[in-house]
Amino acid sequence: MTTPRARPPSTFSKPLQILTGNDDGIRSMVKMSTLCLMDLDIPSTRAAYRACHCTITLAETAGFPGLRAAGGGAKIAHSSRRSDVSSDYAVATDDEDEEERWGYTSNEEDSEEEADIASVGRSGSEIDYGSLPPSPGPGLPLLAGDPIFGSEARIEMGELELLSPPPPGPPSRQTLYIADEDAHIRMVGYEPIRWRQWLWWTCCVFSFGILGLLGRWFPRLWLRWVTRECAFINMQRGFVVVESAYRDIALFPICRKDYPYPLNTVISSAPDPAQLLPTARGTRRDNDNLGTLTYVDYRYNRFALDPRTGLFSMIRDWRDSFWSSLGSVQNGLQKDIQAQRMSLFGPNLIDIEGKSTLSLLIDEVIHPFYVFQIASIILWSLDDYYYYAFCIALISAISIVTTLVETKQTIRRMREMSRFVCKVRVYRDSTWIECDSSELVPGDIVDLIEPPLNTLPADMFLLSGDAIVNESMLTGESVPVSKNPIKNDDLAKWKTCTDAVGDMVKSFLYAGTRVVRIRGASTLDGSAGAPALGLVVRTGFYTTKGALVRSMLFPKPTGFKFYRDSMRFIGVLAGVAGLGFCASAVQFVRLGVRWHTILLRALDLITVVVPPALPATLSIGTSFAIGRLRKLGIFCISPSRVNVAGQINVCCFDKTGTLTEDGLDILGVRAPERNTARFGELIEDIRDLPPASGKEKANFMYALATCHSLKKVDGEVIGDPLDVKMFEFTKWTLEEGHVAGAGVVKNKAVGDRPAALVQTVVRPPGSAQFRIEDALKGAGKHAHFLELGVIRTFEFVSALRRMSVIVKRLKSSSMEVYVKGAPEVMSDICDKSTFPSDYDDLLSYYTKRGYRVIAMAGKSIEGLTWLRAQKMKREQAESNLQFLGLVIFENKLKPGTTPAIQTLRAAHFACRMITGDNPLTAVSVARECGLINPAAQVFAPTFIIGHASSPLAKLEWASMDEPAWKLDDYSLKPLPPPANRSMEAEEWESQDYTLAVTGDVFRWIMNHAPLETMQRMLVKTQVYARMSPDEKNEVVERLQALGYIVLMCGDGANDCAALKAADVGLSLSEAEASVAAPFTSRTPDISCVLEVIKEGRAALVTSFSCFKYMALYSLIQFTTITLLYSFASSLGDFQFLYIDLFIIIPIAVTMGRTLPYPRIHPKRPTASLVSKKVLASLIGQIVITSAVQFWAFFWVRSQDWYTPPVAKDPSADDGKLESTNYENSALFLVSCFQYILVAAVFSIGPPYRKHMWTNGWFMASMICLSIFNLVVLLSPPGAIARILELMALPISARATLLLAVVMNVLGSMAFEHWGTQLVARVIGLFFELRRHHRVRDGKLYKAVEGGMR
């Protein structure tokens, strides 16, 4: 049995992005920064989360399941807001072999092993594309991450193992949808069984805490052994396990508090009758006092238990039943109600909780990485390796302290950024009082003017007055936004909405937004009227700002298979250690070595093969890359995305503000000529615009001057840049403020509402001042000089693509309606006879050349009164209009756009433009910057049957340059060219072409087109025009579903959703850190994309190099130890110390400092440790280095001067192995060079990083160590020889060993350059055999591309 879906199964589900959650990447960076004594200063939002997250304490769970939740604030599903009650943990999916989103394998494999089109197509065809939702549906399983190392992985979506049925009785399991995170969580109630808990504690004591550590690392183990599932409503001392969509779990205690208030003050919505408990049916009423409130706090969200159903509800969704009209909220709150809501919601603070230093220390020390180090230190101490143990202990202690300091600093920075308190005036108990904003609760009435507010302290509805705010914190767009008072019907709608939507957004004041201006309403005579008031509806973490802070504390997880592969590889190394020890143990037994010595040697071998510094080295490349990006003005708040940037293969760009300049310059206007049905000449100076005839009351000039939403603050006209440019072109002046009066509009539906008599006044230069009574006069016999007053504004609506105003022209008894919008929509609202005959030709001329064109229209309504104007519907105003003219704006490309696009295209990146602009303009800009090949044919679709909402509509794809040339509407392949083009069949079949799709066509294709057509459209389209923010987001998600790794670059305005959905989001913003995207660039053009890609590739290659180096270092040392174990010998204490501390750490740290290569290579670096090239390199180097050591071992024994080591009494009880012998010296001297050699071999230079000799620190480390090793080999000083326990070798033997080292260097270098190709082919044959037995993952787009050739 599975969770019932709230949406049809046709809902589109993209493959999941998986990140198992903790902050080990940050921890590793901090550790390595300690090792190399450098301040890498990595933004540690995950560390802050780990430090701040409030879970059951260590004492409460006996040290076992005090779990940390993983990141999960990811966009998972737009779904029903209703909670689901389930009898299992699994959510059904229809695809057991859902393709992984990552092209894991290297590009070398991509080029040789194209995807099996049939098999991939089968996998792809199982994706269900719904007809309505723009985002993935809820059919997502809960997936497990690595609970130890926090590896990041994209894990396949498949059927999960179903749990046994829940216990009978009230519900113990629940699926909840968190709207502001667009994510599902699963809650399950558990209660510990007393005797099992005591037994567990006893076992923990007898196992010296090992069982406790296992319970913490593998919490499901603890849950299975110690607890039982229990209904939420029956729990007395239990807890709730919260499981995210990535199967990361955390334990949260059930909290209770005295709450002598009615149930409807906690849960405002009526429960589903089918979910009512038998005991609650007909017995409990909403106004009954609860007495005790049972709740769970999860990620700063409070979930209250409904005693009627036994299920949890988010208190964020609570709505006051009195919020139905303005009259019902104007009296504010009483103190007792304020106290009740403070008890429920808590203070109005975004206050990140912090852990004590001791708690952080315990969390750090019991992490597997440090537990392994502590165990190693104990082992080495038992083995008398005191010096080495002390050095590792010192480094670990410094690392832990550094991590704690870094975490504390991160907590402080996050708290300073998010915490905000100011003084406010609140209306309570029928009087105004002043208090801290932290005391606000939902339902409070706040004076927005006195004391002055610079930043809004809570989410509020504007009740009276008007406001201009800057919402750049939310959107990244710094254009001021006007806010108007809420209407009764919008306020009533709030009770059923989870967030502000539709018209209520125009009245919603978001917490954290900056106030530009707030003013109260004015009366008819212009004097001050009602103050500007706000109704608080959300506080603290329940505000939109709180949701953004949560998104930073619990960021959207992204996965990378490299980390998962690396941990599996470590497991393989541990297996190798086991095999090696088994072989050595046989020899130990044969030699009569005591059992405890054998045990010590076994454990020691594990520390050799799995080096403690390995996890830290995996993050070193990322940390250096982030530091270099910061110097370039590119800031990263999600370090895990750096390596992801190295695998990008599609770059999507917004147009305006990203590819082109923010500001638009007016090229001029084109108005129809009076006597001919054609456009006149381009008018570049407004004074050349011919005056309107006396009969024409709707005037082009007046339309330009009034049809906008501009405001005037401190003498400066502010608003949309396009509006500002258009108004400046007229050279008129604008006034508002003291000239605005107020009237009351009576409406049966929404009640009385105040409205400004004149919102804005514009006048030409030199005109007398407008007087307010002129707006109310009928005929203008005694009116003053000509001026225009905007009586009413219909705001711009993206769906309609237009805005309009109703204007009172003085000396006239009429009013005019002026409309400004996209030229394409004018034909629907204008009189066809008023269009010039060359309308389409002129529009095409300008849009094809990259100009932005805005159309103006208007009409005059005789005898329209102010009151009727306020009641007029938008449909009435925007109909039967006269076309007035076109305004042509010039949108110039940014200087860095064309070079960046050319660089990306040369590197074989697929580039996409996703814009809200006209398709012709978008295609022109795309051609100008090189995003589209100038010689390519661009095909655009139009509806020839039906329209966007018709399932049976039909599209025709025609060339934008040659309309007679069409595409097949199913395969999207070019049909034979028109007869006037003489072209061979092979030529037109291979013709380079691309597609340009508009938002309405995109929506129809998503909903109604065949799957193959949709996939081909996504692969072939380069320009997406007239796209809404939701559609931009969906384009990104659909591309990801095809297996692309997507970068989205925008200015953060209406791109926020797409920036967050992309694998790598890059926002062009002045802010140092933006919540809109993981990367924020101060560079104002897309050249920063090149830097992110180059640094990402360099970081990815560095991670591979470091991992391969550490893996081979372990195996080299393993070979040495295994050979020495064969006769009960080993390396000495100082030999271990020299290798691990003085060779490995300097090389591993400096290896990551190599800079990225200046050019971007056409092929991406591999993202898989099991790719042919990586495996070939590792296998070859292991064989070569091992062969040289074996040779040295047996060569030494064959020499005349060789004397066998003195046989040691095997019954000796000291457990020591002798290290002073010829075999030890030879192997040590040779292996010291091998550690340096493999570092040089694995320091991959071009095409992703510069040559290794450009890395000064790395070269200095290798040269110094090589010189020292040469000295030790050829002529070691006596003190060094004694410390390293070296035997005296003849000079001829030393020369022979040096020759062997030289041969090893030459052999390793030659193999890396030439031999890897041969070995890779052999491995490729093995992969080829396996390929027929599985579906290739993440390659669907390749199959689609192959099918279009």
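These numbers were taken from a predicted model, which means no experiment stands behind them. Just so you know, these numbers use all the heavy atoms, side chains as well, and skip hydrogens, waters and symmetry mates. Residue numbers start at 1 and run along the sequence shown.
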| query | Nearest 0.5 Å, what's the OG-NZ distance between Ser1103 and Lys1108? | reply | 12.0 Å

| said: Check this for me, if you would: do Lys1094 and Glu1091 make a salt bridge, where the nitrogen-to-carboxylate-oxygen distance has to be below 4.0 angstrom? | reply: yes

| remark: Shortest non-hydrogen pair, Lys894 vs Gly657, comes out as NZ-O, 2.7 Å

| said: Please check: side-chain N/O of Arg1249 versus main-chain N/O of Gly1152, any donor-acceptor pairing under 3.5 Å? | reply: no

| Is any side-chain heavy atom of Met1006 less than 4.5 Å from a side-chain heavy atom of Met1014? | yes

| request: Supply the atom-to-atom distance Arg905 CZ to Ile932 CD1, rounded to the nearest 0.5 angstrom. | output: 8.5 Å

| CG/Leu629 to CZ/Phe635 distance, rounded to the nearest 0.5 angstrom? | 10.0 Å

| task | Compare all side-chain heavy atoms of Arg1097 with those of Pro1156 and state whether any distance is below 4.5 angstrom. | result | no

| query | Is there a donor-acceptor contact under 3.5 Å from the side chain of Ser1177 to the main chain of Val1174? | reply | no

| Do Ser1081 and Val1092 have side chains that get closer than 4.5 Å, going by heavy atoms? | no

| Checking side-chain contact (heavy atoms from CB on, under 4.5 Å) for the pair Thr660/Thr897: CA distance, chi angles, key distance, verdict? | CA-CA 8 Å; Thr660 61; Thr897 296; over 6 Å; no

| task | Take Phe1242 and Met1110, measure what side-chain contact (heavy atoms from CB on, under 4.5 Å) needs, and give me the verdict at the end. | result | CA-CA 10 Å; Phe1242 289 154; Met1110 296 300 288; over 6 Å; no

| Is it true that Glu1034 and Arg1003 have a side-chain N and a carboxylate O under 4.0 angstrom from each other? | yes

| note | OH (Tyr1024) and CG (Leu995) are apart, to the nearest 0.5 Å, by 8.5 Å

| Validation row: Cys1088, Leu1068 side chains within 4.5 angstrom (heavy atoms) | yes

| task | Check for a donor-acceptor pair, side chain of Arg1026 on one end and backbone N or O of Gly916 on the other, with a separation under 3.5 Å. | result | yes

| query | Got Gln647 and Asp1063 here, is their nearest side-chain heavy-atom distance under 4.5 Å? | reply | no

| message | To the nearest 0.5 Å, what is the distance between CD1 on Ile1160 and CZ on Phe909? | response | 5.5 Å

| For the side chain of Lys655 and the backbone of Ala922, is there at least one donor-acceptor N/O pair under 3.5 Å apart? | no

| Given the rule in the side-chain contact (heavy atoms from CB on, under 4.5 Å) test, do Thr1166 and Lys1173 qualify, once you have shown the distances and angles that lead to the verdict? | CA-CA 9 Å; Thr1166 180; Lys1173 195 169 183 180; over 6 Å; no

| remark: Scanning both residues in full, the closest heavy-atom pair of Arg1164 with Gly646 reads CB-O, 4.4 Å

| request: Find out whether the Lys NZ or Arg CZ of Lys1020 is both under 6.0 angstrom from the six-membered ring centre of Tyr993 and within 45° of the ring's axis. | output: yes

| query | What's the spacing between Leu1066 CG and Arg641 CZ if we round to 0.5 Å? | reply | 12.0 Å

| note | Looking only at heavy atoms, the pair that brings Val1023 and Thr1021 closest together is O-CG2, 3.3 Å

| request: Heavy atoms only: give me the nearest Val642-Ala625 pair and the separation to one decimal. | output: CG1-CB, 3.9 Å

| query | Minimum heavy-atom separation for Ile901 to Gly930, with atom names? | reply | CG2-C, 3.6 Å

| said: Does any part of the side chain of Leu1039, heavy atoms only, come nearer than 4.5 Å to the side chain of Met1048, both counted from C-beta? | reply: no

| Between the main-chain N or O of Ala1061 and the side-chain N or O of Gln1040, is there a donor-acceptor pair closer than 3.5 Å? | yes

| query | Minimum heavy-atom separation for Ile1086 to Gly896, with atom names? | reply | CG1-O, 4.3 Å

| task | Test Tyr1341 against Tyr1044 for ring-ring contact (aromatic ring centres under 6.0 Å, His included), laying out the working first. | result | CA-CA 7 Å; Tyr1341 70 91; Tyr1044 287 111; 4.2 Å; yes

| request: Could you walk me through whether Phe624 and Thr1102 pass side-chain contact (heavy atoms from CB on, under 4.5 Å), step by step? | output: CA-CA 10 Å; Phe624 285 124; Thr1102 298; over 6 Å; no

| task | Measure the shortest side-chain to side-chain distance between Val1101 and Thr1154 over non-hydrogen atoms and say whether it is less than 4.5 angstrom. | result | no

